[in-house]
**Q** 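Below: one structure in structure tokens.
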Amino acid sequence: MHRRRRTAITVSAALLIAAPLLTACGSEAHPGAAAVVGGERIEVSAVQANVRDVRSAQESSPQSAQLVKDSGQLGRAKLYELIVDRVVERAAADAGVSVSRREVQEGRAALAQQAGGEDQLTAMYLQQRGVAPDQVDQVVRRDVLVGKLAERLGGATPEGQQRLNEAFSAAAKALDIDVNPRYGSWDDQKLELGDYRAPWISQVTRQESAETGGA
């Protein structure tokens with residue numbers, strides 16, 4: 001079980017780095033909001049704050065110029081993360097799945113051990129996923145939750161993968177996601193924001209299958 005959990009949280013370690021940094025000014029219906037999800041606003045200022053955290057961390061890196069160049073679409077990626085956090089939480093709640101603080105701590109500790117230490121872990125998340133050090137816990141939490149939800153819905157099987165995708169789509173539809181057009185439009189079925197979709201959603205169970213032999 002521990003191996004399965006570790007697999008689920010490592011699968012997305014090189015993703016969520018592409019999406020455009022846009023200066024959104026708010027739609028007429030929801031001024032100042034980058035999106036409204038489940039009736040709750042995601043403020044443009046929240047997206048921009050997450051972008052600033054990443055940029056600050058990148059500027060402190062010896063590879064700062066390359067990191068900034070490789071994450072030129074960071075604004076949309078950060079909004080995507082904030083939306084998907086809510087979609088995953090809703091899908092998990094609907095399936096009766098939850099994650100404890102201890103599971104998040106254990107998951108992060110396992111990742112740090114694999115990376116060679118905490119400093120190496122945060123550097124990897126910044127470089128490969130555009131995640132600032134203070135954002136790592138939330139990303140780990142989401143990854144653990146996706147892994148547990150995948151197990152609940154059938155694990156590393158074609159049927160399980162289909163049920164997982166259906167659960168995400170149903171959760172997204174239930175949340176009635178409305179995105180500021182400056183960031184693109186949201187697709188409930190494809191879980192896309194404009195032309196951006198994080199591959200980890202469909203890769204979780206495939207990675208589990210490869211490493212566990214479908215067990």
Side-chain angles (χ1 to χ4, degrees), residues 1-19 37-38 77 79-115 121 124-125 128-131 135-177 185-215:
M1 181 67 69
H2 180 69
R3 182 183 180 187
R4 184 181 293 270
R5 184 188 308 130
R6 184 167 62 247
T7 298
I9 63 179
T10 56
V11 63
S12 55
L15 304 167
L16 282 176
I17 60 173
V37 182
L79 177 57
Y80 184 90
E81 288 183 34
L82 291 169
I83 294 172
V84 169
D85 279 344
R86 290 157 175 78
V87 172
V88 171
E89 291 282 354
R90 175 62 182 263
D94 288 346
V97 174
S98 62
V99 171
S100 68
R101 181 172 179 80
R102 180 176 179 180
E103 286 175 307
V104 175
Q105 292 172 337
E106 289 176 347
R108 180 163 180 161
L111 285 171
Q113 184 177 19
Q114 292 173 10
L121 176 66
M124 180 188 74
Y125 267 70
Q128 298 182 350
R129 296 185 65 172
V131 173
Q135 298 168 0
V136 172
D137 273 354
Q138 179 57 33
V139 176
V140 172
R141 172 184 167 78
R142 183 179 64 227
D143 292 348
V144 174
L145 196 55
V146 170
K148 292 185 68 175
L149 179 60
E151 283 191 52
R152 174 65 62 88
L153 297 178
T157 66
E159 294 80 8
Q161 180 66 67
Q162 182 177 348
R163 284 194 289 269
L164 181 63
N165 292 336
E166 289 172 350
F168 286 140
S169 294
K173 185 175 181 179
L175 290 170
D176 191 22
I177 298 167
S185 60
W186 176 265
D187 188 314
D188 290 335
Q189 290 299 120
K190 296 180 180 179
L191 300 180
E192 291 180 350
L193 177 57
D195 59 357
Y196 178 68
R197 183 178 194 267
W200 59 265
I201 289 179
S202 61
Q203 287 184 349
V204 170
T205 54
R206 287 204 298 269
Q207 181 73 10
E208 284 185 339
S209 179
E211 296 201 11
T212 63

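Bear in mind that the values here come from a model prediction, so they are computed numbers and not experimental data.
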**Q** Do you know which two heavy atoms are closest between D137 and V104, and how far apart they sit?
**A**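 Between these two residues, the closest heavy atoms are O-CG1, 3.9 Å.
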
**Q** Determine whether a donor-acceptor pair (N or O, by modelled atom type, separation under 3.5 Å) exists between the side chain of Y80 and the backbone of L191.
**A**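 It does hold such a pair.
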
**Q** Quick check: do Q105 and R101 have side-chain heavy atoms less than 4.5 Å from each other?
**A**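 A side-chain contact exists here, since the closest heavy-atom pair is under 4.5 Å.
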
**Q** For a 4.5 angstrom cut-off between non-hydrogen side-chain atoms, does F168 reach D188?
**A**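 Not in contact.
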
**Q** Evaluate the side-chain proximity of V140 to Y125: yes if any heavy-atom separation is below 4.5 Å, no if none is.
**A**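 They are in side-chain contact.
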
**Q** Going by salt bridge (Lys or Arg N to Asp or Glu O under 4.0 Å), name the residues that satisfy it together with R102, two or more places apart in sequence or in a different chain.
**A**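 R102: salt bridge (Lys or Arg N to Asp or Glu O under 4.0 Å) contacts with E106.
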
**Q** With Q113, which residues qualify under side chain to side chain donor-acceptor pair (under 3.5 Å), at least two apart?
**A**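 Side chain to side chain donor-acceptor pair (under 3.5 Å) list for Q113, sorted by chain: empty.
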
**Q** Considering only NZ, NE, NH1 and NH2 on the basic side and carboxylate oxygens on the acidic side, decide whether R141 and E103 come within less than 4.0 Å.
**A**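 Here R141 does not pair with E103 in a salt bridge, since their nearest N and O are not under 4.0 Å apart.
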
**Q** So which atom in S169 and which in Q189 form the shortest heavy-atom distance, rounded to 0.1 Å?
**A**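 In terms of heavy atoms, the two residues are closest at OG-O, 3.3 Å.
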
**Q** Here's a test for you: under side chain to side chain contact (heavy atoms under 4.5 Å, CB included), which of R129, Q138, R142 qualifies with E81?
**A**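 With E81 as partner, side chain to side chain contact (heavy atoms under 4.5 Å, CB included) holds for just one option, R142.
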
**Q** Is it true that a side-chain atom of R152 and a backbone atom of A95 form a donor plus acceptor pair closer than 3.5 Å?
**A**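 Checking the backbone N and O of A95 against the side chain of R152, a donor-acceptor pair under 3.5 Å is found.
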
**Q** If I take atom CG from residue D143 and atom CG from residue L111, how far apart are they, to the nearest 0.5 angstrom?
**A**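 The CG atom of L111 is 8.0 Å from CG of D143, to the nearest 0.5 Å.
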
**Q** For residues V87 and A171, report the shortest heavy-atom separation together with the two atoms involved.
**A**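 Answer, listing the atom of V87 first, then A171: O-CB, 3.6 Å.
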
**Q** Could you check whether any side-chain N or O of K148 sits under 3.5 Å from a backbone N or O of S98, counting only pairs where one atom can act as donor and the other as acceptor?
**A**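 Looks like yes, one N/O pair under 3.5 Å.
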
**Q** Heavy-atom distance under 4.5 Å between the side chains of V97 and L145, does that happen here?
**A**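 Side-chain contact under 4.5 Å: yes.
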
**Q** Using the salt bridge (Lys or Arg N to Asp or Glu O under 4.0 Å) criterion, which residues pair with R86? Sequence neighbours excluded.
**A**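 By the salt bridge (Lys or Arg N to Asp or Glu O under 4.0 Å) rule, R86 matches no residue at all.
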
**Q** Measure across A91 and A167 and return the closest heavy-atom pair with its distance rounded to 0.1 Å.
**A**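 That would be CB-O, 3.8 Å.
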
**Q** Can you tell me how far apart CG (L175) and CH2 (W186) are? Round to the nearest 0.5 Å.
**A**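 One gets 9.5 Å once the value is rounded to the nearest 0.5 Å.
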
**Q** Give the C-alpha distance, both sets of side-chain angles, the deciding distance and a yes or no for salt bridge (charged side-chain N to carboxylate O under 4.0 Å, His left out) between E166 and K173.
**A** CA-CA 10 Å; E166 289 172 350; K173 185 175 181 179; over 6 Å; no

